[in-house]
Structures are given as structure tokens and as C-alpha cells.
Amino acid sequence: MSYLDTRQALMTQLSSASIPDISIEDIAVEGEFFDPAGKDLWIAAYFIPATSEIMGKTLGSGNEDRGIFQISVFVPLNSGMYDTRQLQTIDSVLYGFQYNSTTVYNGQTVQILESAVNSGLENESWFKRDISINYLTFSNR
């Protein structure tokens, strides 16, 4: 498995999802500068590898890798109808990462196992909700 290819497959899926009011400039990613000033809606993407299970003891055997692709949806605090835009954005993300769908990058196939949304919390001057997308991928050694 390639962590890079797995992450890229998930990022490609996110960027190709039809999410109203979100462009590539509205997506924060780990390790890159992002300034949300002046934005009234933006998302952050986090790639979180979790487990790698060996599926055999030979060089020809593979691994089963699981993890979480977390998407956080941010809106300003006290912005009136923040729930509406935020929940519409969450619905669009979930539609783009439907159960049992797959995405591929550079030959690495990633399967979406399930998604869950938390109740949200305040984060500085923002209100955010997290979407945890559990994924599965197989690889050769």
C-alpha cells in the first residue's frame, strides 16, 4: 500500500464531489498554509491511517489497511442559519463518499466502509462538525 496513493485517491474523490459553495481554495489540508479570513464556509481534510493487518507470511501476501478520512466543515459562529449551509455541505460530502463506493489513484483502490458525523463544537470563531469516513484498502508487499 502507498499512503500517498491512498490519500490522493481520497482527496481526488473529495475534489470531484459536487459540494455547493466549496471550491479547491476552500479546502484546507494538512501541512499547507490556509487562511480562512473572509470565508463563510470552508472545509479541512485530514488523512488518518489507523491499522495495517498482515494477510499472509510470504512476500506474495498482502496487507489490509484501514483508516479515517476526516472532513471538518466550518462556518462562523452566530452566523444565523449556520446549520442549514453546514448540514447541506455535510450532505454533499456524504453523497460523494457513499457506503461501499470506491476511488482509485495510481492503481490503489480505496473502498468506503462507513461515514459518521459528530454533533459539532466551537473552534475559536468557528462552529465545526466532523465527518469521519472509514476506508479500507488492500495492497501487495
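Keep in mind it's a predicted model, so treat the numbers as computed, not measured.
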Say whether, by atom type as modelled, one donor and one acceptor occur between the side chain of [X] and the main chain of [Y] under 3.5 angstrom.
| X | Y | result |
| --- | --- | --- |
| D35 | A37 | yes |
| E122 | L77 | no |
| T103 | A9 | yes |
| Q86 | F127 | yes |
| E64 | L136 | no |
| Q8 | V104 | no |

Measure the spacing between [atom1] of [X] and [atom2] of [Y] and express it to the nearest 0.5 Å.
| X | Y | atom1 | atom2 | answer |
| --- | --- | --- | --- | --- |
| L41 | T89 | CG | OG1 | 4.0 Å |
| Y105 | L4 | OH | CG | 6.5 Å |
| I90 | I43 | CD1 | CD1 | 10.5 Å |
| F34 | D26 | CZ | CG | 6.0 Å |
| T137 | L10 | OG1 | CG | 9.0 Å |
| S92 | L14 | OG | CG | 11.0 Å |

Is the closest side-chain heavy-atom distance between [X] and [Y] below 4.5 Å?
| X | Y | value |
| --- | --- | --- |
| W126 | P36 | yes |
| Y135 | P49 | yes |
| V29 | R7 | yes |
| V73 | I131 | yes |
| D21 | Q88 | no |
| Q13 | V110 | no |

Hydrophobic cluster membership, with links at side-chain heavy-atom distances under 4.5 Å among I/L/V/M/F/W/Y: are [X] and [Y] in one?
| X | Y | value |
| --- | --- | --- |
| I133 | Y46 | no |
| I22 | V93 | yes |
| M11 | I112 | yes |

Exercise: identify the closest heavy-atom pair between D5 and S2: N-OG, 3.0 Å
Between D40 and P76 the two heavy atoms that sit nearest each other are O-CD, 3.2 Å
By side chain to side chain donor-acceptor pair (under 3.5 Å), which residues pair with S119, not counting sequence neighbours? none
Given V117, which of L94, L87, D130 fulfils the side chain to side chain contact (heavy atoms under 4.5 Å, CB included) condition?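 Going through the options one by one, the only one that passes is L94.
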Any Lys/Arg nitrogen of R129 or D83 sitting under 4.0 Å from an Asp/Glu carboxylate oxygen of the other?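 Yes, charged N to carboxylate O under 4.0 Å.
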Quick one: sort the F97 and F69 rings into parallel, tilted or perpendicular, breaks at 30° and 60°. tilted
Counting only heavy atoms not in Q98 (residues, nucleotides, ligands), do more than 12 fall under 6.0 Å from its CD?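 Yes, the 6.0 Å shell around CD holds more than 12 heavy atoms from other groups.
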